[in-house]
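What you are looking at is a predicted structure, and each value in this text was computed from that prediction instead of being measured. Throughout, a chain's letter reflects where its sequence line sits, starting with A, and its residues are numbered from 1.
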2 protein chains.
Amino acid sequence: MAAGKDHKKSSGRVTAEKLAHILGVSAMTVSRALNGRPNVEEKTRRRVIEAARKYGYTPDHIARSLTLRRTETIGVVVPEISHSFFPEVIRGIEDAAYAAGYHLILAHSAEDENRELDAISTLESKRVDGLLISTAQTVTDKSPYLEAMRLGIPIVFFDRVVEGIGATCVSIDDEDCCARVTEHLVGHGYKAIAHLSGPSNVSIGRGRLKGYRKALTRNNIKYRPELVVQSGFHESGGYTAMEKLLELPARQRPDAVVAVNDPSAFGAMKAIQDHRLRIPQDIAIVGMSDDVRAELVFSPLTTIRQPAYKIGETAAAALISEIEGREKNGRKILVETELAVRKSCGCL
Amino acid sequence: MAAGKDHKKSSGRVTAEKLAHILGVSAMTVSRALNGRPNVEEKTRRRVIEAARKYGYTPDHIARSLTLRRTETIGVVVPEISHSFFPEVIRGIEDAAYAAGYHLILAHSAEDENRELDAISTLESKRVDGLLISTAQTVTDKSPYLEAMRLGIPIVFFDRVVEGIGATCVSIDDEDCCARVTEHLVGHGYKAIAHLSGPSNVSIGRGRLKGYRKALTRNNIKYRPELVVQSGFHESGGYTAMEKLLELPARQRPDAVVAVNDPSAFGAMKAIQDHRLRIPQDIAIVGMSDDVRAELVFSPLTTIRQPAYKIGETAAAALISEIEGREKNGRKILVETELAVRKSCGCL
DNA sequence: TTGTACGCGTTATCAA
DNA sequence: TTGATAACGCGTACAA
């Protein structure tokens with residue numbers, strides 16, 4: 001009758017209370033000893049630590065979070081997981097988080113605004129200490145971000161950032177990127193440099209166009225509007241845009257092309273091939289973002305390497321220092337990029 | 001004096017208590033109304049739901065978890081994140097979890113046993129409802145898994161599975177895979193078929209080797225131990241292992257190679273090239289896993305397509321049905337694979 | 001139909 | 001140095 005009286009509640013887990021009982025001390029002493037508080041006798045501390053190991057006691061994070069109002073957990077929201085960029089960013093985030101003792105709750109918005117909203121709200125309920133977000137493409141309503149910040153949950157946006165709402169943004173310097181890659185072409189004697197530009201309503205598109213123009217100006221090359229064609233971010237757009245350029249009278253054709261990103265460059269390369277022109281002899285081309293395929297295409301693509309891991313690492317570190325009050329929210333952090341010179345620009 | 005008496009505790013979050021106070025009901029009524037319990041007047045329910053939306057009340061998952069002993073969260077431990085396979089698996093997991101109302105805590109073991117162990121123990125403390133694990137390569141000690149299961153946390157292993165401890169395993173049928181791809185070569189007349197094998201302490205390595213031998217046996221081809229060289233799972237190992245094969249006297253050299261996975265095959269292809277041999281004319285080669293690059297290398301690689309998304313989806317669904325008591329732990333689930341024939345095997 | 005008391009496992013606070 | 005008590009925010013069990 002008396003036996004097994006607590007078989008219902010004890011789910012196998014050892015609690016501080018139980019351990020304390022075994023040791024003949026109070027739960028508080030256990031807590032203090034294990035959390036390295038000063039006010040506990042060394043001898044007692046050792047006994048507690050020993051017993052904790054022996055009985056496999058680990059503080060329950062859920063209960064701990066409830067009192068401390070802190071979960072040591074970061075919510076990460078990404079628009080896609082499959083391709084190489086975000087996984088690598090996540091690896092950077094994970095490493096930085098792990099080093100600082102934080103864990104990650106990963107949510108995937110699948111480029112869907114509602115799913116992103118849903119994720120943010122659940123992450124709030126799960127009391128994450130901070131949010132790391134790369135927005136879905138369709139996002140128009142910024143209020144969920146503001147709401148999270150109002151609740152005291154700092155947000156750091158990475159890659160697909162939302163500026164102007166007081167959250168920290170971590171991304172590459174689009175303008176500088178594009179300026180560098182353009183100047184690389186200038187430096188190797190190209191004169192008629194075209195740009196396949198991104199959509200002008202996306203910050204990336206605008207920034208890169210600006211960088212392209214800046215590079216021209218700095219090198220006293222006249223800007224020729226007919227050499228800038230919107231291609232969007234995809235391969236098909238790159239193809240179409242390049243065809244437009246190739247329809248120009250031979251003398252006005254570009255001798256080099258700066259594509260807004262690698263997929264667009266791939267499309268353009270195809271168009272160039274289809275016109276029986278050679279890369280880089282007839283037309284040189286460079287991209288941006290270092291798609292996995294860049295190295296593998298028939299004429300390996302010179303591009304700007306996006307330091308995905310670094311972006312993740314930087315964003316996580318920034319967020320954690322804000323969570324811990326060492327930094328304030330609302331910074332703009334630019335991550336350095338690197339030029340990967342391959343064959344497509346004719347400089348090798 | 002009386003004013004602002006609770007400015008310290010109210011962290012901005014609305015609690016059930018506060019909402020109840022506003023409505024002039026008890027917290028219980030709020031809870032009942034929002035959780036769809038029957039014993040609450042329809043009118044009251046509507047008032048509560050309305051107010052909840054108005055004041056932005058969402059139940060605190062942490063507090064909820066503490067009482068319910070359930071977090072609706074799954075812990076996912078993967079050995080690496082960067083390459084295409086695991087991200088795609090994770091996407092499958094995420095979709096299945098999202099559909100069932102579960103969230104994901106992602107941990108990355110970086111192929112390190114201690115880090116994996118650490119992850120598992122923290123995930124236990126965070127009270128995940130179940131674990132989805134793909135083991136690190138170095139793992140020797142299975143006790144952490146047993147401990148988790150003893151605590152009532154079901155484990156489903158995927159891809160890199162641990163059999164024989166009563167946990168469900170989801171993977172492709174390595175033996176069958178490798179047998180199929182080997183027989184594909186046999187069927188096209190290759191006689192001296194080598195195998196770049198995985199580490200023998202990993203189930204994948206063992207299973208695939210077994211499949212390779214089975215295919216030989218079934219086709220009355222003599223097994224030649226010198227044609228099996230350990231390459232590990234990476235490109236560099238594939239290169240080194242292939243070099244060993246190429247050092248064999250010309251007459252003993254293989255005319256075809258079955259690599260344990262695609263990266264290993266890529267390394268081997270490089271070694272073959274460096275020896276000025278042609279693929280597939282001089283040596284045919286096949287891989288397994290369908291790395292993104294397989295299609296893009298100079299001689300597109302014939303390989304077994306790993307249904308990464310499906311593996312993730314299946315594993316998550318299996319785990320969730322075990323968490324919810326609809327299935328028992330300890331099943332062995334094999335996911336169907338598909339042969340992708342390209343040029344490297346000379347069969348096109 | 002609704003409310004009260006209590007427990008989940010931890011830590012802060014204050015008393016001893 | 002240590003312990004008792006309350007609180008974190010919710011849900012279960014029972015009482016009203």
Can you measure L19(B) atom CG to dG3(C) atom P for me and round it to whole angstrom units? 13 Å

Please state how far atom NZ in K18(B) lies from atom P in dG9(D), giving the value in whole angstrom units. 7 Å

Expressed in angstrom and rounded to an integer, what is the separation of R32(B) atom CZ from dT1(C) atom P? 10 Å

Any side-chain donor-acceptor pair under 3.5 Å between K126(A) and T71(B)? no

Can you check whether V25(B)'s main-chain N or O pairs, donor with acceptor, with T29(B)'s side chain at less than 3.5 Å? no

dG3(C) phosphate, OP1 or OP2: any side-chain N/O from S26(B) under 4.0 angstrom? yes

I'd like to know if R47(A) pairs up with E50(A) as an ion pair, taking the criterion as any Lys NZ or Arg NE/NH1/NH2 lying under 4.0 Å from an Asp or Glu carboxylate oxygen. no

Helical bend (five base pairs per end, nearest 10°) for the helix from dT1(C)-dA16(D) to dA16(C)-dT1(D): 50°

Does OP1 or OP2 of dC8(C) have a side-chain N or O of R127(B) closer than 4.0 Å? no

Minimum-distance nucleotide to A16(B) side chain [options: dC8(D), dC10(D), dA12(C)]: dC10(D)

Provide the closest heavy-atom pair for E17(B) versus A27(B) in the form atom of the first, atom of the second, distance. OE1-CB, 4.0 Å

Short side-chain to backbone donor-acceptor contact, E72(A) and D129(A), under 3.5 Å: no

Pairwise 5' ranking along DNA chain C for G24(B) and T67(B), keeping only the more 5' one: G24(B)

Strictly distance-based, threshold 3.5 Å: is any side-chain N or O of S171(B) a donor or acceptor partner for the main-chain N or O of D159(B)? no

Under 4.0 Å from any atom of DNA chain C, heavy atoms only: list the residues of residues 35-48 of chain A that qualify, in numerical order. N35(A), R37(A)

Could you pull out the closest heavy-atom pair between A148(A) and L131(A), with the gap in Å? CB-CD1, 4.0 Å

d(OH, Y55(A); P, dG9(C)) in whole Å: 19 Å

Rounded distance (Å) that lies between atom P of dA7(D) and atom CZ of R69(A): 13 Å

Taking the minimum atom-to-atom distance to the side chain of T29(A), which one of dT10(C), dC10(D), dT2(D) wins? dT2(D)

Worked check of salt bridge (Lys or Arg N to Asp or Glu O under 4.0 Å) between K43(B) and E41(B): CA-CA 5 Å; K43(B) 206 176 110 192; E41(B) 203 182 341; 5.4 Å; no

What nucleotide among dG9(D), dT4(C), dA4(D) has an atom nearest to a side-chain atom of M28(A)? dA4(D)

What integer distance in Å separates L66(B):CG from dT10(C):C1'? 8 Å

Write down the distance between CZ (R70(B)) and P (dC10(D)), rounded to a whole number of angstrom. 15 Å

Round to the nearest Å and state the distance from L23(B) atom CG to dG3(C) atom P. 10 Å

Residues passing the salt bridge (charged side-chain N to carboxylate O under 4.0 Å, His left out) test with R91(B), sequence neighbours excluded, are E88(B)

